[in-house]
Amino acid sequence: MQESRRNFFKRSALVVGAAAVSATALAANKEEAIEADSNGVVVGTSTKKEILYKKTQAWEDFYKQAL
């Protein structure tokens, strides 16, 4: 009884380890494929409009001092 439990846990550990290694390899391969397709540029799927600059008095003061 005790021996069969040990064998079960040994086999389970091997299966979990193999699954973890294969999942890591698949994730790395997928990441490389994404990087190769997008030439290093990350492409998102967000529907929100990205606002990088909003004209405010604080920005106007900053730009006046920067020049």
Side-chain angles (χ1 to χ4, degrees):
M1 178 76 174
Q2 193 74 354
E3 193 63 34
S4 65
R5 273 190 190 168
R6 277 195 194 126
N7 286 336
F8 171 76
F9 285 120
K10 284 181 186 178
R11 287 188 201 131
S12 297
L14 287 173
V15 169
V16 169
V21 168
S22 64
T24 304
L26 287 173
N29 190 19
K30 183 179 178 183
E31 186 175 305
E32 288 174 4
I34 290 172
E35 288 177 359
D37 292 343
S38 63
N39 198 19
V41 177
V42 177
V43 179
T45 58
S46 177
T47 56
K48 291 171 40 175
K49 184 179 177 184
E50 184 176 3
I51 300 173
L52 299 177
Y53 171 77
K54 187 174 181 181
K55 191 172 185 177
T56 62
Q57 186 60 41
W59 278 115
E60 291 298 319
D61 294 341
F62 172 78
Y63 286 129
K64 285 179 185 174
Q65 290 178 1
L67 295 175

Worksheet entry | L14 side chain reached by K10 side chain, heavy atoms, under 4.5 Å |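 A side-chain contact under 4.5 Å is absent here.
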
Worksheet item: So which pairs with a foot in residues 51-62 pass side chain to side chain donor-acceptor pair (under 3.5 Å), sequence neighbours left out?
Response: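 Checked against side chain to side chain donor-acceptor pair (under 3.5 Å) - neighbours excluded - the pairs reaching residues 51-62 are Q57-D61.
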
Discussion item. Applying ring pair (Phe, Tyr, Trp, His ring centres under 6.0 Å), can you list everything that pairs with F8, at least two apart in sequence or on another chain?
Written reply: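 In terms of ring pair (Phe, Tyr, Trp, His ring centres under 6.0 Å), with neighbours along the sequence ignored, F8 is linked to no residue.
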
